S.K.: 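Starting off with a structure, shown below.
Because the structure is a prediction, the values reported are computed rather than measured. All chains are named by letter (A, B, ...) in the order of the sequence lines, taking the proteins before the strands, and each is independently numbered beginning at 1.
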Amino acid sequence: MTDVATGPVIRAHDVHKSFGSLEVLKGIDLTVERGEVVCLLGASGSGKSTFLRCVNHLETVDRGFILVDGRLIGSDLVRGRLHEARPSVVTERRSRIGMVFQQFNLFGHMTVLENVILAPMRVKKEAREVAVERAVRLLGRVGLGNKQDSYPAHLSGGQQQRVAIARALAMEPTLMLFDEPTSALDPELVGEVLDVMRYLAASGMTMMVVTHEMGFARQVADTAVFMSEGRIVEQGPPEKVIGAPDHERTRAFLGKVL
Amino acid sequence: MSGSTDTRFHHDRVDLADLVAIADHEPVRRRAAGQKVGGAVILVLAGFVVAILVTNPGFDWPTVGRYLFDVSVLEGIAVTLELTIAAMSVGIVCGVVLAVLRQSGGPIPRFAATLYIWFFRGTPVLVQVLFWGFAASLFPRIGLGIPGGGFLVSWDTNEVIPIFAAAVLGLGFNEAAYVAEIVRGGLLSVPAGQSEAADALGLGRLATLRFVVLPQAMRAIIPPIGNQFISMLKMTSVVLVIGVGDLLESVTQIYSRNYRQIPLLIVASIWYLVMTTLLTLVQARLEKRFGRSLSRVGGAR
């Protein structure tokens, strides 16, 4: 694999997205450096989840482009125009982007271990032993070494989400996307998931996190981005954006959630 | 209600001490009033049925016994089973393809699949089987060539599509339309998040279908497919009309010689019942197997 180990991990330029007549993203520009942890904040409907999903092309971008590791993700540049990329190409490009969903989305018919080794074996064509070895190591790291033969339905939400993180890490991503990873969890289970994410951030992983956990954003994020009505209103160090925001809309939002 | 003189309503006004003092706190179970009467009526009716079966000489049980294991009957059973399995195989393979086309193909494949289902569900299977049986009169020869320009190579239709194959195609293509709907329902029953997660992991469309979506759709697909198998087993009897030699045809041929229609139809019915019973047992086991571990996908919603 040709790894571009320098330069920003994400470079989004003028990203627009509409659902029908509803314009959800109205031109997003954002750069995420290697090892940077970015938290996307904002009210529901502000477009932050949609933007996150655009980064690995789960949503197609209507206008603008997103580069991940220097490569266009959902489009190709052909003779001076952007063309939608073939599905197989998109599939290949996003295999180095890990994604963690609000609803975990573990494969319910597979054990924890099978969930984690599926993509390495089927996408990277790794030998089973290699995939299993890494999976066991990753599950140990998220504190679930003893759960590899359980089925997702028998795990708590927090455990499921930690498995989901291990599953994404098994593809050795250069970027991890988190879409409200703790929003579906009972309050007492939030901490264990945030601990794993904190650990991941400390290990130098580039992360983009949509979250309502202001404490986490303050403590872990290098950059906090506040979005409202499809635009980035304000971005900067979290102590600035959360602690002393410039914009009225940021203040109004924080006043409600803090 | 106060002032009521009906004593039936006073049993709930009790002294707590009395209540605690009674020895047994398990209430005496009520039996629904109709149960005893209904049971008696059914027993009497069952008695009548048995009496008729025994006393009416028309049932001719000795003949039933004589032909139950007759060689041509057993051969007919073999043909019926082969037909069922072959036609269901055709139906399931084509049905899955149709369902996938209808679900995720472009507008033209989707329209084609819809048209197929419209046609094959909209015409009787008996008519379809007859069509295949008479295919030779419509296309006496089939082969490769240019439309309007004659054949380069060709074969006699009756040789390429023997009557058994005609029956399999007739039943199978019809079945595919129903299987397609069942499979489509199964695919829709798998939450969208599952294929999104597979997409995000870099699994391609086919891998997602094969490893993630289809295995989970099976739980919704197996029970109705089991029903289809059972109904196919019985539906194979319509191939009688093109002379394939299935169970029903075997018995009709016997009674056309000895004129003992009723006992021979009983022979056929007994065997159909035996086969459908076995299939029901298989179906129950499969359902149990595919239901394992799938109790719930995802977390709180």
Side-chain angles (χ1 to χ4, degrees), chain A residues 52-53 55-59 86-111 114-116 118-124 149-161 164 167-168 170-171 173 176-177 179 183-186 189, chain B residues 96 100-110 183 185-223 225 285-301:
Chain A
L52 187 90
R53 290 163 59 85
V55 172
N56 70 348
H57 203 63
L58 280 180
E59 304 290 352
R86 287 212 319 273
S88 58
V89 173
V90 176
T91 295
E92 195 267 314
R93 287 177 193 169
R94 69 174 160 216
S95 65
R96 301 295 298 275
I97 306 173
M99 172 104 179
V100 174
F101 298 87
Q102 183 176 354
Q103 299 293 340
F104 331 132
N105 295 352
L106 292 181
F107 305 133
H109 61 304
M110 295 181 183
T111 63
E114 287 166 347
N115 262 280
V116 181
L118 176 73
M121 283 178 64
R122 299 298 167 190
V123 179
K124 290 207 284 188
D149 296 322
S150 303
Y151 283 94
H154 300 136
L155 300 181
S156 73
Q159 290 171 329
Q160 289 192 53
Q161 195 60 297
R167 178 175 71 174
M171 288 298 282
M176 284 284 283
L177 306 174
D179 189 4
S183 296
L185 297 176
D186 294 336
L189 302 177
Chain B
V96 169
V100 171
L101 285 182
R102 216 175 159 180
Q103 185 87 329
S104 48
I108 293 173
R110 201 177 308 159
V183 172
L187 293 177
L188 288 175
S189 77
V190 180
Q194 294 286 301
S195 37
E196 258 186 11
D199 282 350
L201 284 167
L203 266 81
R205 214 195 273 177
L206 270 181
T208 299
L209 194 65
R210 183 171 149 209
F211 299 115
V212 176
V213 178
L214 268 183
Q216 298 189 76
M218 288 311 265
R219 194 171 50 143
I221 291 173
I222 291 277
I225 290 284
R285 291 194 63 166
L286 278 177
E287 272 177 41
K288 222 173 174 182
R289 228 196 94 183
F290 279 94
R292 177 191 59 160
S293 87
L294 285 172
S295 45
R296 234 158 52 96
V297 173
R301 193 143 265 271

S.K.: At their closest point, which heavy atom of B:Gly193 faces which heavy atom of A:Asn105, and how far apart are they?
M.R.: O-ND2, 3.1 Å
S.K.: Heavy-atom distance under 4.5 Å to chain B: side chain of A:Arg53, backbone, both or neither?
M.R.: side chain
S.K.: Using a 4.5 angstrom heavy-atom cutoff, name the option from A:Thr111, A:Val100, A:Thr91 with the most pairs to chain B.
M.R.: A:Thr91
S.K.: Shortest non-hydrogen contact from B:Ala197 to A:Phe101?
M.R.: CA-CE1, 3.6 Å
S.K.: Within the side chain of A:His109, is there an N or O that forms a donor-acceptor pair under 3.5 Å with the backbone of B:Phe211?
M.R.: yes
S.K.: Could you work out, with side-chain contact (heavy atoms from CB on, under 4.5 Å) as the rule, every residue matching B:Arg102, not counting sequence neighbours?
M.R.: B:Arg110, B:Ala113, B:Thr114, B:Ile117, B:Glu181, B:Arg184
S.K.: Chain B heavy atoms under 4.5 Å from A:Leu58: which part of the residue, side chain, backbone, both or neither?
M.R.: side chain
S.K.: Checking A:Arg122 against chain B: side chain, backbone, both or neither under 4.5 Å from a heavy atom?
M.R.: side chain
S.K.: Which heavy atom in A:Gly108 sits nearest to a heavy atom in B:Gln194, and how many Å separate them?
M.R.: N-OE1, 3.7 Å
S.K.: Can you tell which of B:Met218, B:Arg205, B:Glu196 has the highest number of heavy-atom pairs within less than 4.5 Å of chain A?
M.R.: B:Glu196
S.K.: Do B:Leu201 and A:Val123 come within less than 4.5 Å of each other through their side chains, counting heavy atoms only?
M.R.: no
S.K.: Between B:Ala207 and chain A, with a heavy-atom cut-off of 4.5 Å, which part of the residue counts as in contact: side chain, backbone, both or neither?
M.R.: neither
